[in-house]
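For the single chain, residues carry numbers from 1 onward in sequence order. We count ligands from 1, going down the list as the structure has it; atoms in each ligand are counted the same way.
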Amino acid sequence: MANPPTILHVEDNFENRILVRRLLQSVKYSVLEAENANEALNILKESYPDLILMDINMPDMDGYTLTHHIKSIPKFQNVPVVAITANVMRGDRERVLKAGCDGYIEKPIDVDSFLDQVSMYLDHIHLEG
Ligand code: MN
């Protein structure tokens with residue numbers, strides 16, 4: 001592809017950020033990182049990512065609330081937001097989708113399938129877009 005996709009990763013945990021960054025950069029994706037909702041919203045003032053990977057459990061504003069907020073901004077309505085969460089218990093899938101997320105990836109991250117999952121959500125945009 002002409003331009004590598006840009007992915008915004010919102011995650012308060014440093015080690016998770018390193019892991020995801022390493023995986024995404026291994027296929028030359030461009031990575032933006034925020035460790036909380038404020039940082040994410042600041043980044044979105046000047047950037048337009050192709051995909052947002054969203055941690056759910058964060059201090060201050062959780063990923064559900066932040067996703068809802070981002071999706072209420074018209075120009076980001078069609079940017080896929082994929083939750084990365086360990087909370088995949090009953091009801092959480094509904095909660096993730098209700099918040100406006102387009103899907104989720106389970107934590108702990110499976111390094112063997114992570115990039116396939118990300119690329120599936122990226123391809124989805126191209127199919128629908
Ligand atoms: Mn977290």
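For Asp12, the N, O or S atom with the smallest separation from the Mn ion (ligand 1) is OD1. Nearest N, O or S atom of Asp55 to the Mn ion (ligand 1): atom OD2.
Remark: Arg95 is positioned above the aromatic ring of Tyr64, its terminal NZ or CZ atom under 6.0 angstrom from the ring centre and at most 45 degrees off the axis.
When atom types are taken as modelled, the side chain of Asp50 and the backbone of Thr6 share a donor-acceptor pair closer than 3.5 angstrom.
Between the side chains of Asp62 and Thr65, at least one donor N or O lies within less than 3.5 Å of an accepting N or O.
Phe76 meets the ring-ring contact (aromatic ring centres under 6.0 Å, His included) test with Tyr48; sequence neighbours excluded.
Inclusion of Asn57 in the first shell of the Mn ion (ligand 1) is supported: an N, O or S atom falls under 2.8 Å.
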